[in-house]
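Working notes for the structure below.
Along the sequence shown, residues are numbered consecutively beginning with 1. Fair warning: this is a prediction, and the values are worked out from it, not measured in the lab.
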Amino acid sequence: MKLWTTVALALAAGWMIQPGIAQELKGPEPIPTGKPLQKGERVQIDYDALIQVKALDQYHEPEWVTKFVDEGKLPPVEERLPKTPLVVDTDSVDGIGTYGGVLRHVSGARPQGWNWMAGNILAWGGVEEIIDPCLVSVGPIWMLTSEKSEPLPQLATSWEWSDDGKAMTMHLLEGAKWSDGEPFGADDVMFLWDDNMSDPNVPAWGRPAAFGEGTTLEKVDDTTIRWHFETPFPVSNLYQMGYQKMCPGPSHILKPLHPKYNKDATYQSYINALRPDHTPWVTMGPWTVTEYKPDQIMIMRRNPYFFEVDKEGNQLPYLDEVQYKLSTWEDRTIQTVSGSADYANMEDPSIYLESLRQAQSPDFANNIIWGARALDWAVQMNMSEVCGADDPRDKAIRELNRDLDFRRAMTQAVDREALGQSLVRGPFILPHAGGLHIETDFGDPSMVVYYPYDPEGVKAKLEAMGFTDTDGNGYVNWPEGGPLAGQDLTINLLYTTLYTTDTNIAQSLVTMYRDVGVRLVLQPNNTELNNVLDTCQWDWTVRRSDRVNHAPILRVEELAPLAWNNPKWHLGTAQEPQHLMDFEKELVGILEKIRTEPDSAKRNQLFRDFAKVSTENVYQVGLISVPGAIIINKRFKNFPAGTPIVAYGWGEEGSMRERLWVPKDEQGKVPELAPETLPGIED
């Protein structure tokens with residue numbers, strides 16, 4: 001017998017309703033808003049001015065690199081660059097830079113290995129954006145003017161649609177080379193698509209389904225690929241070709257290690273083929289890892305084959321070295337604030353006030369750049385009936401999670417104002433309704449349905465659903481007649497311990513839900529949770545959404561069940577898709593329209609429609625939204641004004657670090673650890 005059939009029978013019997021108890025929860029009300037913390041004008045530049053694809057009359061490099069050319073160890077710079085390199089703007093910032101200098105990062109993660117295409121983590125904190133450029137660049141979109149705000153060229157220099165919109169031809173960098181001097185081309189892209197993303201045995205970051213069912217990719221020639229779609233003009237797919245998805249690795253190294261091409265290989269050996277100590281790693285990015293010491297440091301040196309230049313033909317990057325200290329995420333901010341590191345995304349509210357206090361000192365080494373409230377935390381409830389619901393208890397919890405009355409009660413059990421103030425006092429944190437952010441280029445407060453804190457209404461709603469405290473221990477019990485009859489309503493809450501804020505929120509939620517009779521059992525985990533979530537063996541999780549909700553065009557497939565492997569809180573399986581609820585069908589329909597809507601204004605309205613349906617049905621239990629800030633050492637030039645911590649990409653990509661430079665008289669403040677060396681080239 002279904003749980004809610006049991007509850008309905010109990011309701012009909014009249015044994016649970018007590019006279020005088022209100023049955024209705026408080027209705028929606030306007031969501032609280034606040035003033036933005038960002039100061040000053042953000043840079044704005046035309047699409048065609050930020051990155052141009054063209055040949056220049058001459059090219060330049062650091063003098064010490066020319067030494068390798070003179071010794072015959074390296075081809076001349078004009079032979080190392082593509083036929084038409086990417087010419088990157090510097091006029092909108094501080095101008096043409098000088099060569100030399102070091103950028104010091106800190107990462108709280110550790111590299112699993114360098115086989116990015118097979119799902120390896122490269123250490124986060126901006127490492128991925130350095131090592132694996134993609135077909136297009138999405139991070140800098142935030143600084144473009146409204147006339148044209150689209151993905152920018154990267155490994156693909158241009159693209160055009162067929163007349164019927166069902167094909168898109170992409171032209172790749174002609175003459176570009178990997179950091180070991182081997183040619184880059186269409187074979188690298190096809191290896192990513194055919195043998196990684198399309199192979200279910202490889203845990204790739206992207207799947208073909210993200211580009212629409214039936215999408216195929218073909219090689220036209222060595223520098224041309226062509227996409228084929230079943231629906232006309234799926235413009236959102238272009239955004240999917242950036243960070244994390246269409247980011248090829250060197251097929252000349254990895255293809256011989258793949259079991260499809262090597263009878264002695266296994267998928268596990270392929271996934272783990274390139275361990276972190278396999279250096280120097282081969283990349284298309286501005287720097288590459290040349291030295292790795294576990295739990296200590298990664299050293300990255302300039303890639304002599306990098307495909308970008310400034311308008312005077314100076315091959316980028318300007319900085320010769322990037323250092324990544326391997327520590328904790330909290331230590332990243334601490335070291336940056338203290339001046340022993342150069343860059344951090346300040347995203348832990350618990351340290352905001354102390355950082356601002358230190359910034360008042362005239363000796364403070366950094367600039368703090370505030371952005372929009374682009375970070376949010378939400379409780380996601382596991383709604384899958386086909387993945388991981390293996391016993392009566394799991395099935396009952398999933399059925400409960402799928403009930404709107406229950407979700408509505410659970411969102412109104414949270415005191416968001418108190419939760420925010422417990423993390424940091426002041427104007428930083430606002431309540432979050434769940435789903436898409438209101439502080440975006442398409443957002444406004446009217447697009448969300450916000451249900452206010454109402455603990456007494458929650459208790460009454462639970463009682464009306466058959467959940468009462470029958471044993472007097474302060475927790476409500478499951479109704480009679482079901483598999484969990486008489487047991488406490490106990491829900492496991494999964495969270496990561498990698499971030500202080502996640503732990504603090506999880507602990508606060510235990511208290512808030514206890515006040516309405518729901519028992520949360522904490523399930524801490526010391527990972528980023530993605531692999532755990534994919535097992536479906538969890539009830540609820542509290543997570544930070546990052547740019548999924550701030551720039552949703554990048555990850556449309558993660559917002560609702562467009563395919564069986566998303567969203568994380570409602571997974572299907574390769575054998576059986578999700579059982580969609582009615583409102584989910586409506587959400588999927590909206591997203592399908594977004595995918596093929598070329599007009600950005602109409603697309604933005606569709607996103608607002610999506611937010612309305614999502615929050616009205618409490619698709620997630622939104623908690624709080626928080627501004628982030630970038631901390632950057634004052635010695636760096638060409639850091640764009642108003643760079644957000646996260647928008648279309650993280651600030652590490654959005655700031656275009658290859659343009660950063662340090663004046664000559666300040667370069668000696670931080671010594672290089674591997675001066676005048678290039679990856680894979682002996683001095």
Side-chain angles (χ1 to χ4, degrees), residues 31 33-38 42 124 126 128-129 137-144 146 149-151 236 238-240 242-245 345-349 369-378 380 420 428-448 450 499 501-502 528 542-560 566-568 587 590-591 594 600 603-612 614-615 619-620 622-630 640 642-655:
I31 190 168
T33 58
K35 294 181 179 180
L37 299 178
Q38 182 175 313
R42 73 175 178 89
W124 302 124
E128 275 74 3
E129 292 89 338
S137 176
V138 296
I141 293 176
W142 70 270
M143 68 178 80
L144 297 175
S146 59
S149 183
E150 298 176 3
S236 69
L238 194 58
Y239 294 81
Q240 313 303 315
Y243 173 65
Q244 282 196 305
K245 290 192 178 70
N345 293 323
M346 190 163 63
E347 49 197 276
D348 182 351
I369 303 170
W370 288 99
R373 292 175 178 86
L375 306 175
D376 75 83
W377 281 261
Q380 296 169 351
F428 298 99
I429 298 179
L430 289 176
H432 177 53
L436 308 184
H437 282 294
I438 61 175
E439 291 189 13
T440 63
D441 57 3
F442 63 86
D444 65 65
S446 66
M447 77 181 193
V448 300
Y450 178 67
Y499 310 101
T501 300
D502 294 63
E528 296 281 356
V542 60
R543 300 178 71 205
R544 195 182 72 186
S545 74
D546 302 332
R547 63 181 183 154
V548 177
N549 290 335
H550 197 75
I553 189 65
L554 297 174
R555 298 181 178 181
V556 170
E557 80 284 357
E558 295 184 21
L559 300 175
N566 268 305
K568 294 295 186 184
L587 293 177
I590 295 172
L591 293 181
I594 287 172
S600 60
R603 202 161 58 223
N604 287 344
Q605 181 56 55
L606 287 168
F607 274 125
R608 289 191 286 272
D609 295 342
F610 179 93
K612 179 80 74 173
S614 176
T615 52
Y619 205 26
Q620 302 176 53
L623 299 174
I624 55 172
S625 61
V626 182
I630 290 175
T643 302
I645 179 179
V646 61
Y648 292 91
W650 285 99
E652 291 93 337
E653 181 189 7
S655 61

What heavy-atom pair brings [X] and [Y] nearest, and what distance separates the two atoms?
| X | Y | value |
| --- | --- | --- |
| Ala560 | Leu587 | CB-CB, 4.1 Å |
| Pro431 | Ile31 | O-CD1, 3.5 Å |
| Phe428 | Pro627 | O-CD, 2.9 Å |
| Val626 | Pro349 | CG1-CG, 3.7 Å |
| Leu606 | Ile590 | O-CG2, 3.4 Å |
| Ser149 | Ile141 | OG-CG2, 3.3 Å |

With a 4.5 Å heavy-atom cut-off, do [X] and [Y] have their side chains touching?
| X | Y | value |
| --- | --- | --- |
| Phe607 | Thr440 | no |
| Glu128 | Trp650 | no |
| His432 | Trp377 | no |
| Pro552 | Phe610 | no |
| Ser625 | His437 | yes |
| Leu559 | Leu436 | yes |
| Tyr450 | Thr615 | no |
| Glu528 | Tyr499 | yes |

Quick one: [atom1] on [X] to [atom2] on [Y], what's the gap to the nearest 0.5 Å?
| X | Y | atom1 | atom2 | result |
| --- | --- | --- | --- | --- |
| Ile438 | Asp376 | CD1 | CG | 11.0 Å |
| Thr501 | Arg544 | OG1 | CZ | 8.0 Å |
| Arg603 | Arg608 | CZ | CZ | 12.0 Å |
| Tyr648 | Glu150 | OH | CD | 10.5 Å |
| Ser236 | Glu557 | OG | CD | 8.5 Å |
| Ile369 | Thr643 | CD1 | OG1 | 5.5 Å |

Would you say [X]'s side chain and [Y]'s backbone share a donor-acceptor pair under 3.5 angstrom?
| X | Y | answer |
| --- | --- | --- |
| Gln240 | Ile553 | yes |
| Trp142 | Pro644 | no |
| Asp444 | Met447 | yes |

Q) Given the rule in the side-chain contact (heavy atoms from CB on, under 4.5 Å) test, do Val646 and Glu347 qualify, once you have shown the distances and angles that lead to the verdict? A) CA-CA 10 Å; Val646 61; Glu347 49 197 276; over 6 Å; no
